[in-house]
Amino acid sequence: MKYGDNVDTDVIIPARYLNTSVRSALAAHCMEDIDPTFTQRVEAGNIMVAGQNFGCGSSREHAPIAIQASGISLVIAGSFARIFYRNAINIGLPIVECPSAAAEISEGDRIEADLDAGRIVNKTTGKEYRTEPFPAFIQNIIANGGLMQSLLNENDAAQIMK
Amino acid sequence: MGMTMTQKILAAHAGLDSVSAGQLILASLDRLLGNDITAPVAIREYEKLGGRPVFDRDRITMVLDHFVPNKDIKAAEQCAVCREFCHAQQITHFYDVGRMGIEHALLPEQGLVTAGDLVIGADSHTCTYGAVGAFSTGVGSTDLAFGMATGKAWLKVPSAIRFVLRGTLQPYVSGKDVILHIIGRIGVDGARYRSMEFCGEGVGALTMSDRFTIANMAIEAGAKNGIFEADDRTLAYLRAHHAETPRVFRADDDAEYDETIEIDLSAIPPTVAFPHLPENTRTFAEIGEIPIDQVVIGSCTNGRLEDLRAAAEILKGRKCAKNVRVIVIPATQQIYLDAMREGLLEIFIESGAVVSTPTCGPCLGGYMGILAKGERAVATTNRNFVGRMGHPESEVYLASPAVAAASAVTGRLSSPQEVMHSEI
């Protein structure tokens, strides 16, 4: 699943479908306006790869939710728009910035990624890429399974409300 | 090392003497915002905490504005979720049909934002309030839920680009042309993750309306926020709208900026962004014959009274072209009332336009003016992405209210000068 630069949240999930926030209903229209075959092709565990400024435009959290609910296990992009970036972290959708991997991975390649170790391996070409690990603060959100879950963790909640 | 305006506001809200670019902070919030699209997701997240009261019912603002008056049953149910939540939590600033307006026009009008505030909103155009000297940024629904529970948000301190404005705008040129010009220069990710700080003697000549429009579209350059230093005009605006006591933050003389860009306001002509990115800007010297089907004048970008006046000046005594549907949307009930009292609505209706109740509707392809396959619209809105206003094969041209009104008259993309220099 590979796309170009400036993929905006309006094409990830068009506003005409934002009259609901049901996850499966959002997944049913994911990427529809730039890739009408996406929903038929996508399988659980697939990786999405894109160029620069992925997720620009509207702040709709429905966009990373639609991608997550489609079964995508990781988004690799050259760069992410900032609201999409924080939304993905907050809901626990794994994402990583890696311009070289984003540029070189081809549709259909088999990818293995270990974000904690900062490593992406293209099993098809054998090429390995290094990625920047998240700061501890963000790793903690991810470890908790999302931002709201960190409030249910007593130690973290106490730290936040300090 | 000195701090930018934005960094000073963030430091003050994180209880720190200083912050630097790249630092992660947990900041206290003065104002939070949700709407009928983003709040239902936030409420679902919030309920994971087991129905606890919000941190401060006076600091949360909920505005039903995107798909209201309800466009369909699903939209109605999303609004019902918001309404029930606000009732149960006794949210002070809840705006439903009859009181609501487009959120980013409504909050400043109601005095709910002031200089020095830290505001987050689950809507990307929350950056609008930088016009009054606030740090204000769009976030997602989960951030809103977290903020409602804690009164806080995690933020990465941004670096900044400084825009030094000089000169004054030419006739029929407004804040919309300025921000389209800037996005055309730096691109849709030209300010990604960064602040856009506007300063220089040219700022003083910009109306508050121009500043709201410019700050509103900072997100279209990928920015975290756009901000103007508060001046006498800002303070007068805040007083008139009974906002809380302003706190004016100025950038340090030795603040570090990634880049400084000089903008000569007097050299900016009417500017249009062609499909399908706001950075695809052109001026009329580069624009040929582009026939259009629809004009939309409104939105959080350009639905204020000054915008309606600019459109009415051109439409007065003229008729909209026969083949063009012209939709005018005052952004709030107050603007609607003021426009009625000034006679602007009469001008619109006599020209052949329709006037709608406040709604975000067509801007995001929700309702109230959806485009068919192959149709083109000139719109004063903020995005022209594929399918933004309807069919994926329709087109949106972003422009000022003056350009939109001129195009309504000719039935093709036209400059205000062309129309105003011809006989009525």
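Below, chain A is the first sequence line, B the second, and so on; all start at residue 1.
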Greatest number of heavy atom pairs closer than 4.5 Å to chain B - which of A:R86, A:R16, A:Q149: A:R86
Under 4.5 Å heavy-atom distance to chain A, tell me which part of B:L364 shows up: side chain, backbone, both or neither. both
So which of A:L18, A:T9, A:N6 has the largest heavy-atom pair count under 4.5 angstrom toward chain B? A:L18
Polar contact flag, side-chain donor to acceptor under 3.5 angstrom, B:T381-B:R388: no
Between CG of B:L32 and CD1 of B:I60, what distance do you get to the nearest 0.5 Å? 6.0 Å
With a 4.5 angstrom heavy-atom cut-off, which part of B:L49 approaches chain A: side chain, backbone, both or neither? both
Where does B:I219 contact chain A at under 4.5 Å (heavy atoms): side chain, backbone, both or neither? side chain
Please determine, among B:E220, B:R44, B:H66, the option with the most heavy-atom pairs under 4.5 Å with chain A. B:R44
Does a side chain donor of either B:R383 or B:S124 reach within less than 3.5 Å of an acceptor in the other side chain? yes
Which of B:D189, B:T126, B:I370 touches chain A most, by non-hydrogen pairs under 4.5 Å: B:D189
Is the Lys NZ or Arg CZ of B:K156 less than 6.0 Å from the centre of B:Y193's six-membered ring, within 45° of the axis? yes
So which of A:N87, A:I91, A:I34, A:V11 has the largest heavy-atom pair count under 4.5 angstrom toward chain B? A:N87
So, the part of B:Q78 with a heavy atom under 4.5 Å from chain A: the answer is side chain
Does any backbone or side-chain atom of B:D72 lie under 4.5 Å from a heavy atom of chain A? Answer side chain, backbone, both or neither. side chain
Just wondering, do A:V75 and A:F54 contact through their side chains at under 4.5 Å, heavy atoms? yes
Interface moiety of B:K224 toward chain A, non-hydrogen atoms closer than 4.5 Å: both
Over all atoms of both residues, closest heavy-atom pair of A:F84 and A:G55: CB-O, 3.6 Å
Report the C-alpha distance between A:D35 and A:T37 in whole Å, list the side-chain angles of each, state the deciding distance to 0.1 Å, and finish with yes or no for side chain to side chain donor-acceptor pair (under 3.5 Å). CA-CA 5 Å; A:D35 182 3; A:T37 67; 2.9 Å; yes
Working to the nearest 0.5 angstrom, can you tell me the gap between A:M1 CE and A:R41 CZ? 4.5 Å
Below 30° counts as parallel, above 60° as perpendicular, anything between as tilted: where do the rings of A:F80 and A:Y85 land? tilted
Check whether B:I25 gets within reach of chain A through its side chain, its backbone, both or neither, counting any heavy atom under 4.5 Å. neither
Contact part of B:F146 toward chain A, heavy-atom cut-off under 4.5 Å: side chain, backbone, both or neither? both
Do A:H29 and A:Y17 have ring centroids that are under 6.0 Å from one another? yes
Can A:E61 and B:T142 be counted as having a side-chain donor-acceptor contact under 3.5 angstrom? yes
Against chain B, label A:Q52 side chain, backbone, both or neither, depending on which of its atoms sit under 4.5 Å from a heavy atom there. side chain
Can you say whether B:L277 sits under 4.5 Å from chain A via the side chain, the backbone, both, or neither, judging by heavy atoms? side chain
To the nearest 0.5 Å, atom CG of B:L33 lies from atom OG1 of B:T61 at 6.5 Å
Answer key: most heavy-atom pairs under 4.5 Å with chain A among B:L24, B:V81, B:I73, B:N382 is B:L24
For A:P14, is it the side chain, the backbone, both or neither that has a heavy atom under 4.5 Å from a heavy atom of chain B? neither
Between B:T137, B:D36, B:T38, B:N70, the one whose heavy-atom pairs under 4.5 Å with chain A are most numerous: B:T137
Per-residue contact mode, B:A145 against chain A (heavy atom under 4.5 angstrom): both
